[in-house]
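As the structure lists them, so they are numbered: ligands from 1, and atoms in each ligand from 1.
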Amino acid sequence: MTRGGGRGAASRLDESDVRIRPGRGTRPRSKRRPEHADATEAMVVGVDRGRWTCAPDDDPELRVVAMRARELGRTPVVVGDQVGLVGDVSGGEDALARIVRVAERSSVLRRTADDTDPYERVVVANASHLVIVTALADPVPRTGFVDRALVAAYAGGLEPVLCLTKADLADPDEFAANYAALDLTVVVTRADEDPAALREVVAGRVSALIGHSGVGKSTLVNQLVPDADRAVGEVSGVGKGRHTSTSAVALALPDLDGWVIDTPGIRSFGLAHIAPDDVVAAFGDLAAAIEECPRGCGHLGPPADPECALDAEVAAGRLSPARKEALRRVLEALRTPAWET
Ligand SMILES: Nc1nc2c(ncn2[C@@H]2O[C@H](COP(=O)(O)OP(=O)(O)OP(=O)(O)O)[C@@H](O)[C@H]2O)c(=O)[nH]1
Ligand SMILES: [Zn+2]
């Protein structure tokens, strides 16, 4: 999806919590209703306490505040959602429109607070790319976060990109080597240089940025969208009238025809809603080895899975032990699904 035009007018986003229901797809169904054929098509760019800020497709610089129409029920509406608006869509100070439908999503980024949390949060809808932002130092980079974000990206239909920040503090090669065997775009940035490679990634697209607090996400967003005015280096929630990173917001890229969605810095990336197969699918570099596993192998290694082919491949020196361990760490953590706790 390619969107463009407007800028600024950011507002706070509340992630939408939906209880995970075992055995039922959580993909939202289209709410298209013929009686709203004249509705204004718009993209949600921010959410704040029951009010959604939307950018109309035919006037993307306008910001229309809307509430959810009763007929929508509990359908979650998040940043990136494509919605139909009726009512006062003038964008005037006291104008209030109603969201009467939410289009079927092309992608959904979901996470849970931890691996047993029964409520999944829909972080962003319809982003084509997920930029996983990791600092090379300060804070020290952790593969666990990247691995989990990769799982969520693939499961949600987003193409992941690894963005390694603060390259002035550490060499990117060592950390990037973890992902060398994955077909993954890696960009390296530093605050004192223009993020040209990242610009190329986000141009003409809708990209969501995600990362731990302090990795330099706001710094990046300010480089990509100079008038974004994202607060840098502030502790979340104590902004003085500026936007702190306690909320997500879609910002139009100037001249690049696309949007970046800045999401709040997060502490942990829970995957309670993810099935083991979807975890394995995110470790594409292990797929060939896993094909050799016996039927029903859970890939956890002995004693649960004594014949897991990953062990043989590592022993033969054909596979990185770190990647095997990385997969097992996520699988182990998810062994008790949320609905069984
Ligand atoms: N040395 C160095 N410091 C950086 C770089 N980018 C950002 N920083 C610093 O890292 C700190 C955190 O940067 P932010 O951009 O606020 O990070 P954030 O990820 O948005 O953090 P939250 O707002 O907590 O989510 C600030 O003190 C920045 O000045 C970089 O490339 N190099
Ligand atoms: Zn196995």
Check whether any N or O atom of [X], backbone or side chain, sits under 3.5 Å from an N or O atom of ligand 1, and answer yes or no.
X: Asp168; value: yes
X: Ser213; value: yes
X: Gly216; value: yes

Ligand 1 contacted by Gly214 (non-hydrogen, < 4.0 Å) = yes
note = One checks the Zn ion (ligand 2) and counts protein N, O or S atoms under 2.8 Å, reaching 4
request  = Report the member of Lys166, His212, Gln223 with the shortest heavy-atom distance to atom 30 (C) of ligand 1.
outcome  =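 The option holding the nearest heavy atom is Lys166.
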Student check: side-chain heavy atoms of [X] and [Y] closer than 4.5 Å:
X: Thr134; Y: Cys163; answer: no
X: Val44; Y: Val78; answer: no
X: Val124; Y: Thr263; answer: yes
X: Gln82; Y: Glu41; answer: yes
X: Val202; Y: His129; answer: no
X: Leu169; Y: Asp138; answer: yes

Just jot down the ligand 1 atoms closer than 4.0 angstrom to any heavy atom of [X], in number order.
X: Gly265; value: 25 (O)
X: Ala191; value: 5 (C), 6 (N), 30 (C), 31 (O)
X: Val215; value: 17 (O), 19 (O)
X: Lys217; value: 15 (O), 17 (O), 18 (P), 19 (O), 20 (O)

Closest non-hydrogen atom pair between Arg105 and Pro76, with its separation =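 Heavy atoms only, the tightest pair is NH2-O, 3.0 Å.
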Side chains of residues 142-157: which donor-acceptor pairs under 3.5 Å do they make with residues two or more places apart or in other chains?
residue, atom, partner, partner atom, Å
Asp147, OD1, Tyr179, OH, 2.7
Asp147, OD1, Arg323, NH1, 3.4
Arg148, NH1, Asp115, OD1, 2.9
Arg148, NH1, Asp115, OD2, 3.4
Arg148, NH1, Phe269, O, 2.8
Arg148, NH2, Asp115, OD2, 2.6

query = Does a salt bridge link Arg329 with Glu332, judged by any charged N lying under 4.0 Å from a carboxylate O?
reply = no
ask   = With a 4.0 Å heavy-atom cut-off (strictly under), which part of Thr219 contacts ligand 1: side chain, backbone, both or neither?
value = both
ask   = Does Leu169 approach ligand 1 within less than 4.0 angstrom via side chain, backbone, both or neither, non-hydrogen atoms only?
value =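 It is the side chain that gets close, since no backbone atom is under 4.0 Å.
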Let me check something: any side-chain donor-acceptor pairs from residues 187-197 under 3.5 Å, sequence neighbours excluded? List them with distances.
residue, atom, partner, partner atom, Å
Arg190, NE, Asp192, OD1, 2.7
Arg190, NH2, Asp192, OD2, 3.0
Asp194, OD1, Arg199, NE, 3.2
Asp194, OD1, Arg199, NH2, 2.6
Asp194, OD2, Arg199, NE, 3.2

ask   = Can you list the residues that meet the side-chain hydrogen bond (donor to acceptor under 3.5 Å, both in side chains) rule with Lys324, with sequence neighbours excluded?
value =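 Lys324 satisfies side-chain hydrogen bond (donor to acceptor under 3.5 Å, both in side chains) with Asp311 only.
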